[in-house]
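First up is the structure itself, then whatever we jot down about it.
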2 protein chains.
Amino acid sequence: MSSEIAGRPGPQGDEPRPHLSHRVPDLGALELLLAVARHGSLGAAAREVGITQPAASSRIRSMERQLGVALVDRSPRGSRLTDAGALVTDWARRIVEAAEAFDAGAQALRGRRDSRLRVAASMTIAEYLLPGWLIALRAARPDTAVSLQAGNSAAVAQRLFAGDADVGFVEGLAVPEGLDGVVVAHDRLALVAAPSHPWARRRGPLDPAELAATPLILRERGSGTRQVLDAALAGHGGLAEPLLELASTTAVKAAVVSGAGPAVLSELAISEELASRRLVAIPVEGVLLRRDLRAVWPAGHRPTGPARDLLSLTRG
Amino acid sequence: MSSEIAGRPGPQGDEPRPHLSHRVPDLGALELLLAVARHGSLGAAAREVGITQPAASSRIRSMERQLGVALVDRSPRGSRLTDAGALVTDWARRIVEAAEAFDAGAQALRGRRDSRLRVAASMTIAEYLLPGWLIALRAARPDTAVSLQAGNSAAVAQRLFAGDADVGFVEGLAVPEGLDGVVVAHDRLALVAAPSHPWARRRGPLDPAELAATPLILRERGSGTRQVLDAALAGHGGLAEPLLELASTTAVKAAVVSGAGPAVLSELAISEELASRRLVAIPVEGVLLRRDLRAVWPAGHRPTGPARDLLSLTRG
DNA sequence: ACTGCTCATAAACCCAGCTTATGACGTCAT
DNA sequence: ATGACGTCATAAGCTGGGTTTATGAGCAGT
């Protein structure tokens with residue numbers, strides 16, 4: 001590989017793209033950078049993250065070397081971010097926020113049996129919504145230890161009946177038998193395609209019958225998303241044979257992005273891709289592609305204590 | 001709060017919460033986990049990320065120890081994710097995606113002078129939109145080296161006139177003199193408050209006059225967001241004296257989340273907080289709180305080559 | 001039983017990042 | 001001016017996590 005044809009323009013430079021983790025500073029360094037942005041001082045930032053000032057100095061410096069960009073203006077009166085540094089810091093903040101969500105989720109997953117709040121949730125909710133709720137809960141009630149068990153609606157119901165969970169979250173068209181619940185959010189399904197797909201250039205919205213007649217990339221039969229889609233299109237001739245049938249939302253997404261064809265996916269799963277135009281949403285007329293996300297509990301036993309705190313967060 | 005009734009059950013456990021970076025596996029480990037999910041094998045995953053099989057084995061193991069959760073089911077025929085592992089992997093993917101955006105941005109920021117595509121962009125666009133576009137561009141045209149210069153509209157225009165940039169992106173109400181452009185996206189501004197704020201429980205939408213009369217948390221005078229807000233409320237009595245005036249969007253966001261009061265912020269900046277209900281959007285009636293985001297170029301010199309590729313990504 | 005895949009274990013190594021100790025620079029107050 | 005206090009930088013030495021190589025053990029299919 002390095003013996004291309006002849007000489008590269010630059011004698012140095014031009015590394016063969018090592019791995020992402022070598023090009024992106026580690027979390028500790030990013031946290032330190034955020035601390036510098038907040039405090040305007042390397043030393044103060046160092047104190048916040050629990051290291052010494054020379055360590056912080058060296059760490060920021062090596063981050064600048066790694067990125068090839070000056071991030072902070074040092075002066076004897078403190079350190080301010082450069083313009084580039086401010087931008088980098090904003091991007092870094094998004095990584096750290098994702099890491100916080102990861103941490104909140106992982107901590108709940110490890111969940112000790114003695115947790116004060118035991119949550120059972122369906123996959124979509126556990127994956128996309130719960131980490132954010134847990135962060136908010138931690139902010140409001142810092143000492144609430146939460147445990148999380150993820151499973152389908154039936155498993156959630158079972159855990160609630162058995163007293164293994166204080167509150168549940170399910171997605172779907174109906175509340176399972178024996179449970180009460182309230183809607184906490186809606187999961188809208190969107191028809192998406194790659195920007196290169198002909199539908200991406202359409203003017204008006206798509207006709208339901210046309211959607212029904214077109215082969216789509218789908219999750220396997222039985223998945224929640226597919227059930228909703230099936231129900232919504234039942235009156236329009238029913239779903240066509242799938243173009244491709246894949247085992248995970250991620251796989252479907254990847255297939256759509258690579259241009260294999262259109263699919264219907266939860267808006268929760270694709271906000272990122274829509275924002276960057278890796279995917280394009282195509283409006284569909286007159287079909288209600290949405291399902292309710294509900295908090296549930298055994299009929300008559302309205303949640304109290306920590307579970308109520310969590311609910312009040314999700315309902316506003 | 002922590003001195004509830006009596007003693008804690010567990011004699012050990014109960015660490016005093018070290019830093020985030022010690023509770024979240026590093027990027028390399030997360031990438032490895034994603035590779036395991038894709039390949040169903042530690043060895044194959046190891047090969048993909050460029051380490052040996054024992055290293056991968058040990059890394060996954062220490063990740064499981066760190067999180068306190070079994071992530072993969074090992075068998076002599078391969079490794080599959082456990083249920084918890086699948087969830088953790090989904091959360092991990094969000095960190096890695098944020099890291100990819102960071103990398104794409106940082107690489108453009110380092111931007112060598114010999115880049116094939118030189119972009120000048122305003123802050124909001126550089127911060128929220130451009131990294132995603134760059135990822136998409138890299139997917140479509142892998143060998144396009146991009147350089148990025150961020151600045152306000154005037155700086156963008158200047159760079160274009162000087163021939164220092166091939167294409168620009170600006171936000172605002174009008175196209176700067178001497179430039180042509182097309183709208184590539186809209187930045188909707190949303191009125192937000194903490195979930196505990198009275199407005200969060202309102203039934204109907206807010207009256208513009210009421211919004212204008214209420215003290216808000218604002219960016220300093222002159223910021224793009226504030227200009228739009230000023231213009232939109234000019235016909236409704238004009239903006240009230242600010243409740244608080246802060247220097248960065250992040251600071252405003254933090255103040256709103258902590259319940260200091262309502263603010264008007266770009267939807268781009270708050271999608272995360274809305275999803276997790278740390279913030280609540282309050283509908284406002286009859287005011288157009290939005291600004292156009294435009295690609296621009298010197299009048300008459302429509303972009304060609306790589307710049308055109310980028311534009312076609314942003315327009316779909 | 002043999003071959004080929006899987007993952008686990010053990011020992012040696014290496015380097016990134018830490019701490020401690022020190023120094024240089026600039027600002028402010030006296 | 002001059003000394004005190006803040007800033008960040010440099011240097012030397014240590015430590016440990018993650019790596020490699022080498023090996024072994026378990027199970028499947030031929």
Side-chain angles (χ1 to χ4, degrees), chain A residues 15 18-82 85 89 92 99, chain B residues 15 18-82 85 89 92 99:
Chain A
E15 293 148 52
H19 248 265
L20 188 60
S21 53
H22 296 112
R23 286 177 298 166
V24 176
D26 63 62
L27 269 175
L30 299 179
E31 281 192 281
L32 175 62
L33 182 62
L34 296 187
V36 171
R38 271 195 298 280
H39 290 108
S41 151
L42 291 188
R47 244 169 285 130
E48 180 186 313
V49 306
I51 62 177
T52 58
Q53 172 269 320
S57 179
S58 125
R59 218 155 168 179
I60 295 284
R61 186 171 295 283
S62 74
M63 186 160 32
E64 289 176 315
R65 200 158 19 82
Q66 179 182 25
L67 300 179
V69 173
L71 299 174
V72 308
D73 264 339
R74 295 130 169 106
S75 91
R77 333 181 30 184
S79 297
R80 300 210 81 70
L81 295 178
T82 60
T89 302
Chain B
E15 293 148 52
H19 246 266
L20 187 60
S21 52
H22 297 112
R23 286 177 296 164
V24 176
D26 63 63
L27 269 176
L30 300 179
E31 280 192 282
L32 176 62
L33 181 62
L34 297 187
V36 170
R38 272 195 299 278
H39 289 107
S41 151
L42 292 188
R47 243 168 288 129
E48 180 184 313
V49 306
I51 61 177
T52 59
Q53 171 268 319
S57 179
S58 127
R59 225 168 148 143
I60 295 284
R61 184 171 297 283
S62 74
M63 186 160 34
E64 289 176 314
R65 198 157 21 81
Q66 179 182 24
L67 300 178
V69 173
L71 299 175
V72 308
D73 265 338
R74 294 128 169 108
S75 92
R77 332 182 30 184
S79 296
R80 300 211 82 70
L81 294 179
T82 61
T89 302

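Source: prediction; values computed, not measured. Order of the sequence lines sets the chain letters (A, B, ...), proteins ahead of strands, with each chain counted from 1.
The environment of CZ in R77(B) is sparse: at most 12 heavy-atom neighbours from other residues, nucleotides or ligands sit within 6.0 Å. The neighbour count for R80(B) CZ, taken as heavy atoms of other residues, nucleotides or ligands under 6.0 Å away, does not exceed 12.
Candidate nucleotides dT20(D), dT19(C), dA9(D) were compared by shortest atom distance to the side chain of L42(A), and dA9(D) ranks first. Relative to the side chain of R59(A), the nucleotides dT10(D), dG17(C), dT7(D) differ in distance, and dG17(C) lies closest. Closest contact between the side chain of R77(A) and the listed nucleotides dC28(C), dA8(C), dT20(D) involves dC28(C).
Counting heavy atoms from C-beta outward, L34(A) and E31(A) have side chains that stay 4.5 Å or more apart. Residues V72(B) and E64(B) meet the side-chain proximity criterion, which asks for heavy atoms closer than 4.5 Å. Here the side chains of H39(A) and R47(A) are not in contact, with every heavy-atom distance at 4.5 Å or above.
Between G40(A) and P76(B), it is G40(A) whose nearest contact on DNA chain D lies nearer the 5' terminus. Each of G50(A) and G78(B) has a nearest nucleotide on DNA chain C; the 5'-most of these lies closest to G78(B). Ranked by how close their nearest DNA chain D nucleotide is to the 5' end, P54(B) and Q53(A) are led by Q53(A).
R74(A) places its CZ atom 17 Å from the C1' atom of dG6(D), with the value rounded to the nearest Å. Look at NE2 on H39(A): it is 11 Å from P on dT7(D), rounded to the nearest Å. When the C1' atom of dT6(C) is taken as reference, atom CZ of R47(B) falls 11 Å away, rounded to whole Å. As rounded to whole Å, 17 Å separates atom P of dG18(D) from atom NE2 of H19(A). Remark: P of dA16(C) and CG of L32(A) are 18 Å apart, rounded to the nearest angstrom. Going from atom CG of L27(B) over to atom C1' of dG18(D) covers 16 Å, rounded to whole Å. The CZ atom of R61(A) sits 15 Å away from the C1' atom of dG17(C) (whole-angstrom rounding). Between the C1' atom of dG18(D) and the CE atom of M63(B) lies a distance of 13 Å, rounded to the nearest Å.
At dA16(C), none of the side-chain N or O atoms of S62(A) fall inside 4.0 Å of OP1 or OP2 (strictly under the cut-off). Between T52(B) and dT20(D) there is a side-chain polar atom (N or O) within less than 4.0 angstrom of OP1 or OP2. Look at S41(B) and you'll find a side-chain N or O under 4.0 angstrom from OP1 or OP2 of dT6(C).
Heavy atoms of S58(A) sit nowhere under 4.0 angstrom from any nucleic acid atom.
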